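Notes follow the structure.
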Amino acid sequence: TSETQTQPKSTDTPKTEPADAKSREIRTLQILSRPQASAPDEYERANLIAGAMKELGINAEIKAMPYEQQSDIVWYKRDEWDMTGWQMAARPERLDPDEFVYNLFHSSTAKDGYNFIGYNNPEYDKIAEQQRITVDREERKNLIFKAQELIASDVAYLFNVHPKLKYVYNHQVFDPNSVVEMAGMGIRNIWTYLNAAPIGQQKNMVLNSNDSVQALNPFYISGSFDSWVTELIWDRLMRIDKDGLPKPWAAESVTWKTDTQIEIKLRANMKWHDGKPVTAEDVKFSYEAPLTGEVPMYKPFVEIIDKIDIKDPLTLEFTLKRPWAAFETASLSKLNLVPKHIWGPIIEDLKNKPENAESYQEKTPIGSGPFKYENWKFKEEVVLSANTEHFSPPKIEKWIMREIPNTEASLGMIENGEINFLAVFPGDGQLLQQKVEASPNLTMVTTTDLGFQFFAMNHRRPPFNDVAFRRALAAAVDRDMMAQVVYKGFAEPGDSVISPALPIWKNPSLPYPSGGVEEAKKILQEAGYEWDAAGKLLYPAGKKEELGK
Amino acid sequence: MSLLEVNDLKIYYKTSRGISKAVDGVSFAVDQGRSLGLVGESGCGKSTLVKGIIRVLAGNGVIAGGSVNFDGNDLTKMAESHIRQVRWKDLSLIPQAAMDSLNPVYPVIDSFLEILMLKGKLSRADAIQRAQELFTMVGLDTKRLRYYPHEFSGGMKQRAMIALALALSPKLVIADEPVTALDVIVQNQVLRVLKNLKKELGLTLVMITHDISVVAETCDDVAVMYAGKIIELGPVSRVLKHSMHPYTMGLANAFPNLKKTESTLISIEGSPPDLVDPPKGCRFAARCPFQIEACAHEEPSLVSVGDRHFAACHRLDEIAVLQAKAKEVDTWRKIPS
Amino acid sequence: MGNRSKFIWSRLAQMVLTLWIIATILFFIFRLMPGNPLVAYIDPTFTKEQQDILMAQFGLDKPLWMQYLIYLANLVQGELGDSFKFRAPVMEVIWGVLPNTLYLMLFSFVIAYLVGILGGVLLAWKRKTRFETIGIIATLFTRSAPQMWVGMIVLVIFSFHLNWFPSGGASATGVVYASEWEKLTSLSFLKHLFLPSLTAAIYLMGLPLLLMRSNMLDVMGESYVEVARMRGLSEQRIMLKYAARNAALPVVTAMAVGIGYALGGNVVIEMVFSWPGLGRLLVNAVSASDYALAQGAFILSAAVMVIMNFVADILYSFLDPRVTFGKGR
Amino acid sequence: MNTDVRMEQRPVQVAYRKAGFLAVLGKNLAGAFRFLKNDPFSMTGAVIYLFFILIALFAPLLAPYDPHEMIKHNGKLAFNQPPSAEHWLGTTNMGRDIFSQLVYGAKPAMMVGLTAAFFVVVVGTLVGLFAGYYKGRVDGVLMRVTDIAFGIPFEPFVIVLVAFLGPSVWNIVLAMGLLLWRDTARVIRSQVLTVRERSFVEAAKISGASDLRILFVQVAPNILPLSFLYGSLAMGWAILTEAAVSFLGFGDPAMMSWGFMLNDAYASQALSREAYWWIIPPGIFIMLTVMAGFYIGRGSEEILYPRLKNQ
Amino acid sequence: MAENPIIEVRGLSKHFEARQHLFRKSSTGAGVLKAVDDVSFRIPKGHSLGIAGESGCGKTTTAKMLLKLYEPTSGSFLFNGKDITHLRAKEELKQFRKQAQLMFQNPFEALNPRFTIFRSLLEPLIVHDIGTKEERAAFIKQALEQVNLIPAENFFEKYPHQMSGGQLQRVVLARALIVDPIFLVADEPVSMLDVSVRAGVLNLMKTLTERLQLTTVYISHDLSLISYMCEQTAIMYLGKVVEIGDTMSVLQKPKHPYTQALLAAVPSPDPDEEPEEVLIKNHVPSPINMPNGCHFQDRCPYTEAICREKTPELRQAETGQIVACHMVTPFFDRKAEREEHVI
Ligand SMILES: Nc1ncnc2c1ncn2[C@@H]1O[C@H](COP(=O)(O)OP(=O)(O)OP(=O)(O)O)[C@@H](O)[C@H]1O
Ligand SMILES: Nc1ncnc2c1ncn2[C@@H]1O[C@H](COP(=O)(O)OP(=O)(O)OP(=O)(O)O)[C@@H](O)[C@H]1O
Ligand SMILES: [Mg+2]
Ligand SMILES: [Mg+2]
């Protein structure tokens with residue numbers, strides 16, 4: 001536990017304290033956070049929030065614990081925690097607002113789904129449901145805007161920041177014009193990999209990861225670094241384009257016949273890396289395999305599909321059980337196309353075994369993607385080579401991802417050229433900027449993250465079940481200061497689940513409270529909160545602490 | 001000329017308490033083919049003396065004076081590389097702890113081969129042959145050459161060490177307490193080996209012991225040491241039968257004799273002086289029943305008292321009286337403990 | 001003979017017993033922790049059915065005692081189960097990094113014990129000189145310095161500033177070795193190996209050095225060394241064949257035990273130098289709640305330690321003819 | 001000599017007997033520290049410890065800032081500052097005073113070191129004493145337990161345990177305590193094996209003393225110095241381990257330990273920033289404390305690996 | 001014999017398991033080491049028995065069994081007429097411990113180096129709850145004076161390393177006597193002492209044991225010392241008593257060839273005396289896995305076939321002592337039974 005230094009200001013609190021002060025005292029609130037060692041920014045933000053709370057006369061205590069313990073409490077002991085640090089990471093499919101808007105706050109997911117905070121607002125539920133089936137973009141946008149408004153005024157989350165993604169590449173190796181920036185995702189994306197043009201001797205792209213590749217498996221959603229690789233080896237029917245919207249990829253065209261019927265035309269002459277042609281059968285197999293139960297992680301993305309018909313060798317028709325606005329993003333851009341001749345027998349075989357497709361590792365993974373698997377040295381590197389026969393062949397020769405858990409080392413290596421693309425840098429942005437500025441070879445590109453950092457409050461527990469309390473807290477927490485101090489400016493203050501990086505979905509004017517401690521106190525006072533002689537915050541009259549010791 | 005002549009040898013140890021004069025002006029000589037027994041209480045400097053002779057003193061020991069003439073050369077002045085040649089080849093020393101004198105991780109034969117091949121310049125085959133001869137000579141089964149030292153009993157180790165000492169047929173062998181810690185039968189066997197070698201090879205021997213019976217049985221001459229000095233020296237029968245120094249007399253009293261069970265044992269009360277700060281006069285004075293004025297401040301010198309017999313005592317002139325008195329128990333009782 | 005084989009058998013039985021107990025303790029530590037062991041791998045959005053599938057896949061659906069029996073049965077067959085994180089047999093995952101740990105360990109031990117033993121002999125030889133005092137103090141420094149710290153400094157100097165050695169990893173980018181041997185003999189691999197080995201060796205060498213020194217001093221006081229001198233043998237011969245040979249016995253034992261320790265992987269060094277080894281694997285597994293993998297890596301290191309302890313005993317008695325076994329004195 | 005020593009009827013006094021026992025024990029403990037006086041190395045070690053214990057005790061007085069405080073100058077966070085008169089060792093990337101952290105770091109180091117050493121000494125000595133003295137079955141069981149402890153890889157064990165029990169210094173100490181006694185136990189046992197063969201132990205037995213009495217009155221004082229030596233070494237190991245564990249991110253975030261500082265510096269790229277004032281001091285302090293243990297143990301590594309001769 | 005024996009030992013044996021090296025073939029091999037094998041004797045009150053024999057013949061092991069430091073493998077041990085072979089009861093054992101004491105070979109080892117002399121002497125008093133605080137100091141003073149350490153106070157605060165061997169051996173004796181034992185075993189009590197002080201300790205022991213009417217067992221490999229100290233003598237060879245009887249008979253008219261050899265081997269301090277021939281061959285064989293028959297068979301100058309077949313029984317010789325040798329003509333034909341080995 002840790003305490004902040006700021007003392008409660010007692011100047012403007014009433015000198016006389018209510019008679020029933022004792023019973024109205026708010027218990028010491030616990031803020032869960034990962035330890036400073038593994039998540040320094042979260043820990044520091046927890047400190048700042050605890051400081052703000054102290055200024056309001058609320059006792060808060062930070063409990064640092066490893067992520068596993070934290071998630072165990074947050075997910076499985078849903079009414080045992082007060083506040084916790086949390087984050088939503090950027091993933092391409094999250095470019096569609098559905099997951100954030102629906103899963104995080106819909107009351108149906110409060111019991112054992114993503115809505116672990118227990119947010120429950122029937123009005124919001126309706127909007128969230130509505131946007132799912134509204135295929136018209138403009139109409140849907142209004143709904144999303146409305147949803148964000150509700151989240152902001154209810155202060156469902158204590159928003160902190162959208163960090164800035166910091167990527168560095170060596171402009172002596174790659175033509176700066178060929179590096180592609182993607183909204184909310186930065187320059188580390190498949191379009192850069194495909195487009196980056198080597199201008200010197202070095203034809204390979206060497207980038208870093210800071211954790212192990214766990215598996216290279218088209219049917220297993222494992223670590224994020226795995227997905228960097230899998231999306232290159234395996235094609236998908238659609239891919240999220242740099243503007244954040246899905247566009248046909250392996251499919252030549254995707255045509256919505258009705259709200260529930262989609263016709264897909266495959267590109268001609270596509271080949272698997274082993275030389276066999278990509279057929280409609282393969283596509284159908286790829287979408288049906290998850291339904292066998294042997295590919296559990298992909299099942300949620302195909303359950304909506306009623307049936308798939310092969311019209312001709314290059315044409316398929318998908319029929320959905322009901323309309324789903326995010327289908328292109330969450331399903332067509334998500335599922336890997338897998339060769340049936342390889343995986344068919346494997347899946348059949350697995351049906352009689354306790355294991356499923358997730359534990360199957362091909363010796364040489366075969367996809368149809370723009371890069372071919374070449375080598376994987378466990379805990380060292382993954383090497384892919386350009387698939388020159390691909391319909392969108394990369395310009396680089398090899399794509400090599402080196403595992404470098406040591407941040408210092410990764411910095412050193414981008415400086416001395418051991419790597420030429422800094423794909424992950426959890427360290428100090430300011431330092432990185434200095435280094436890049438001092439180097440004649442490096443270019444840094446920062447992008448506001450699609451994901452965001454926040455503190456979750458447990459709406460099931462007082463005092464967080466009171467909107468006024470949440471609003472006061474939100475007002476008291478200085479998000480600008482967070483961005484400046486904790487992120488050294490490499491973050492944008494957040495007020496919504498939608499990142500400012502996605503102007504199409506982001507509601508620019510949200511009623512999220514601000515104004516600092518003064519404003520917070522006003523909110524509290526209006527809601528009936530009082531302070532005792534020592535400056536401690538008390539519940540409004542008639543309410544007492546039920547969870548205290 | 002004697003084979004070994006030690007003149008006024010002084011060996012001091014540097015200790016934290018000061019200089020310990022472990023050997024303080026010792027002179028004696030050993031003739032070719034004779035054997036000298038060196039007796040004295042524990043700590044009187046016997047081992048120091050012989051280690052000093054071949055200059056293998058502990059790091060803090062120095063030869064502070066005197067000379068050691070061996071076979072015509074002064075060992076104290078010899079260069080280290082030169083004396084290394086002398087060691088074992090001309091003069092070998094069987095150390096006090098012969099039990100632990102063999103490298104425990106090699107079979108015994110390795111020690112022989114090392115000496116015979118390295119210093120004796122024999123071929124391997126010859127060396128093995130010679131080692132077998134030596135083993136036979138000391139009455140050990142040649143099979144045992146291949147054993148490790150710890151597989152030998154104490155007596156066998158002692159014999160093996162004797163064999164090793166004889167490997168290069170040295171002119172002089174010094175044996176430091178070769179039979180202490182052995183029981184009688186084994187002791188007897190080892191002494192017999194030494195005696196036979198002396199007879200057959202004409203070995204010159206210096207033997208240290210604190211058991212005068214051993215000296216009586218094995219040696220021609222005996223030197224009695226007390227607190228860093230030789231206090232009596234002469235042929236065995238003279239020194240033991242007609243002791244000229246009270247300490248020697250006392251020593252004889254302290255020995256039980258199996259053949260004379262009726263006699264009472266008499267001990268010399270007290271303990272030897274501190275060698276860091278020895279008394280000014282006679283070093284035995286404090287324990288001596290015949291102590292007179294002079295003993296306290298004047299050091300007696302070793303003087304001849306007859307046929308090759310020397311003693312260091314202020315009362316040599318009244319020796320007959322002392323000898324008589326020394327046999328009485330009460331004489332030795334008077335000394336305060 | 002009877003006694004002897006009885007000793008070996010009983011030692012082997014002891015080893016098995018020890019391992020069994022360690023394995024059991026480990027099993028229960030991992031299983032009795034509150035919460036689902038798969039917590040980090042079961043996304044709460046999974047349906048009950050999906051969760052069950054996963055639990056079944058790792059055998060976690062069965063009652064505890066049955067899990068335990070299965071675990072033991074598997075262990076006996078050298079099966080360590082499947083890694084939660086890598087969805088692959090733990091053995092396979094470990095094999096992926098074991099060679100690197102071995103190389104790092106062997107290399108650093110060779111450096112450390114060469115320097116250590118020679119240094120120890122030298123210090124003993126030069127006893128009571130300033131050289132010795134400085135030597136000891138310097139050694140104590142190396143033995144007291146935190147490894148990550150030494151690693152960081154080494155990294156800054158040799159890699160960031162001088163640029164002599166790569167700053168991490170075990171091989172150069174994109175290199176594929178035809179065989180382990182080719183890898184071992186390639187300059188690039190050795191370059192990668194050097195800094196982490198050096199850092200480990202700096203720490204490791206203190207033990208053999210100090211041990212060797214004090215043993216030398218002990219042995220040099222032994223009668224057989226004194227006698228060797230009396231025999232007029234040369235000083236070198238005495239130092240090496242008599243003093244060092246005997247003084248090295250415990251050092252060799254210490255090395256066997258040390259290898260046991262080191263095979264568990266030097267977590268800190270592997271971390272600082274991004275070395276793909278067992279230690280880092282284990283720490284990653286622990287922090288990623290990959291219990292199956294952590295457990296497997298742990299058991300493996302424990303087994304190696306137990307075996308190396310045994311080897312140390314045997315080695316000692318092999319090298320020292322005096323050692324005896326049995327109940328008597 | 002002429003006094004008759006027949007002493008037939010002697011009154012029994014139980015109280016005195018007990019007092020005597022304690023007095024002996026106390027005296028022996030004092031005796032165990034006596035070696036410090038005669039050995040400059042040990043003395044140096046003890047002085048270093050004393051120095052750090054004093055720092056630990058007076059940290060709040062010595063440190064100009066709270067080690068966790070993010071310091072603002074004129075409303076601006078003073079982060080990443082090089083050493084200055086205001087901040088002797090500069091500030092961290094979060095604007096905390098490094099010197100203050102260093103001073104505060106002495107406390108967990110000493111705490112971890114001393115408690116772990118205490119564990120090691122007490123458990124190791126007791127196990128060693130009983131195993132060595134009773135031989136036979138007791139020895140068998142205790143040594144098997146020790147073997148098990150020896151079979152457990154130390155660093156991973158600490159990490160696993162701390163990962164499970166939560167990142168607190170006490171858990172680190174517990175984990176170390178659960179294992180580190182093993183070396184002590186083995187060495188003490190082999191020492192006891194030789195001590196128990198010495199005749200004064202037999203003499204005590206013959207004089208009718210009970211086993212426990214012999215164990216604690218006769219044998220224990222003879223091995224206590226060794227235990228303390230081990231304690232001092234264990235202190236070093238404990239501090240190094242805490243540092244390593246903190247460095248790996250399993251440390252106690254509430255404790256401003258040197259290992260934590262190193263971790264913080266490392267994670268905040270102090271190396272790339274060449275902020276040596278941040279990296280070097282905690283390392284030096286760790287080194288000094290660990291070395292103090294070695295100094296007290298006179299670098300006697302051989303006692304860690306006694307010849308296995310008499311096992 | 002009229003007097004009841006204080007000590008009676010019947011067929012006492014102690015066997016050890018032999019150890020060996022792991023890799024090398026040892027010279028001895030595995031097996032059972034019969035350190036003491038079927039030893040019987042009685043000692044009447046106030047008498048002293050000397051046990052002599054070569055190193056490793058089982059003298060110390062016998063002594064340790066007499067003091068209940070070792071549990072015998074077989075046989076029985078009667079103390080004051082009571083069988084205490086398997087005595088376990090705490091109080092009774094303590095009582096025995098008070099009555100039977102040991103004097104050690106090595107005085108430097110026999111005292112706890114961390115205890116002052118006073119403390120060492122206090123220990124037995126505490127253990128046996130003897131005296132008050134003041135009385136104890138007086139007892140200790142008395143005990144030290146009794147062994148001629150005068151003035152006793154000077155020695156109270158000394159540590160063992162500050163004293164000479166002779167003084168220490170006296171302290172050891174004082175400690176043994178301070179609990180008023182009736183039985184004393186002295187295992188090579190002076191072998192570590194210098195000749196000049198040896199006699200002092202021996203004389204002291206002799207007078208004290210006589211005055212205090214102690215029953216003593218005196219162990220030494222030095223026959224001359226035994227002859228000086230003891231009334232009875234037992235000669236041991238490889239775990240067995242080969243000859244036992246009055247010292248005079250055993251040492252003056254030895255019957256067993258081993259005793260004869262032993263006597264012949266003792267060197268004389270008289271330089272003019274011709275050394276006797278020791279008629280003995282070979283070395284002491286390994287005590288592990290002894291062959292059948294007489295243990296002395298391989299070294300005996302008179303060995304015959306029967307010696308290799310049959311273990312000789314103890315029989316009374318015409319000179320009075322009891323001898324275990326096939327070649328000695330028995331004084332009378334009756335096999336000397338164990339109970340009859342009275343001395
Ligand atoms: N290396 C040393 N440093 C200091 N003093 C020493 C050293 N070696 C021996 N002494 C002292 O010198 C004196 C003579 O020792 P030395 O070993 O020569 O006696 P000794 O007559 O051989 O005795 P013992 O019969 O016990 O072997 C003793 O007082 C001993 O303590
Ligand atoms: N605890 C033991 N374990 C195994 N063997 C033992 C033990 N004690 C004694 N022995 C063996 O028993 C035999 C007799 O030993 P003991 O000590 O009784 O002989 P000793 O006559 O006292 O010899 P010494 O004169 O050397 O003291 C020896 O061979 C010895 O090695
Ligand atoms: Mg000597
Ligand atoms: Mg004995």
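What you see is a predicted model, and the numbers here were worked out from it, not measured in a lab. Labels below follow one simple rule: chain letters A, B, ... track the order of the sequence lines, proteins then strands, and each chain is numbered from 1.
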Check: Under the side-chain contact (heavy atoms from CB on, under 4.5 Å) test, which residues partner D/S168, sequence neighbours left out?
Finding: D/W170, D/N171, D/D252

Checklist line | Note, D/D147 side chain near C/N309 side chain (heavy atom, < 4.5 Å) | finding: no

Checklist line | Value rounded to 0.5 Å, distance of CG in C/L155 from OH in D/Y266 | finding: 7.5 Å

Notebook entry, point to check: Less than 4.5 Å apart, any side-chain heavy atom of D/E274 and any of C/H161?
Noted result: yes

Notebook entry, point to check: Is any side-chain heavy atom of D/I152 closer than 4.5 Å to a side-chain heavy atom of C/M305?
Noted result: no

Next item on the list: With a 4.5 Å cut-off on heavy-atom pairs, point out which of D/I159, D/V245, D/L288, D/T289 contacts chain C the most.
Entry: D/I159

Item checked: Choice from C/V286, C/V306, C/I307 maximising heavy atom contacts with chain D below 4.5 Å -> C/V286

Notebook entry, point to check: At a heavy-atom separation under 4.5 Å, does C/A294 approach chain D through its side chain, its backbone, both, or neither?
Noted result: neither

Notebook entry, point to check: If you take all heavy atoms of C/S301 and D/P153, which pair is closest and at what distance?
Noted result: CB-CG, 3.6 Å

Check: Heavy-atom distance under 4.5 Å to chain C: side chain of D/L240, backbone, both or neither?
Finding: side chain

Notebook entry, point to check: Partners of D/I280 by side-chain contact (heavy atoms from CB on, under 4.5 Å), sequence neighbours excluded?
Noted result: C/W149, C/I153, D/Y276, D/I284

Checklist line | For the student: nearest non-hydrogen atoms of C/M148 and D/L262, plus distance | finding: CE-CD1, 3.9 Å

Next item on the list: Dump the intermediate steps for side chain to side chain contact (heavy atoms under 4.5 Å, CB included) on D/I279 and C/M152, then the final yes or no.
Entry: CA-CA 9 Å; D/I279 302 159; C/M152 287 187 212; 4.1 Å; yes

Checklist line | Considering all heavy atoms, the nearest D/P156-C/F298 contact | finding: C-CE1, 3.7 Å

Check: Can you name the nearest heavy-atom pair linking D/M287 to C/S144, along with the distance?
Finding: O-CB, 3.4 Å

Next item on the list: To the nearest 0.5 angstrom, please state how far the CD1 atom of D/I148 sits from the CD1 atom of C/I25.
Entry: 6.0 Å

Checklist line | Point-to-point distance, once rounded to the nearest 0.5 Å, from CG of D/L271 to OG of C/S159 | finding: 10.5 Å

Notebook entry, point to check: Hey, what do you get for CG (C/L17) to CZ (D/R144), rounding to the nearest 0.5 Å?
Noted result: 8.0 Å

Notebook entry, point to check: CD/D/E155 to CD/C/Q147 distance, rounded to the nearest 0.5 angstrom?
Noted result: 7.0 Å

Notebook entry, point to check: Heavy-atom distance under 4.5 Å between the side chains of C/P146 and D/F247, does that happen here?
Noted result: no

Margin query: Only pairs of heavy atoms separated by less than 4.5 Å count here; which of C/I22, C/L19, C/V272 has the most with chain D?
Written below: C/I22

Notebook entry, point to check: When rounded to the nearest 0.5 angstrom, what is the spacing between CE in C/M271 and CG in D/L248?
Noted result: 6.0 Å

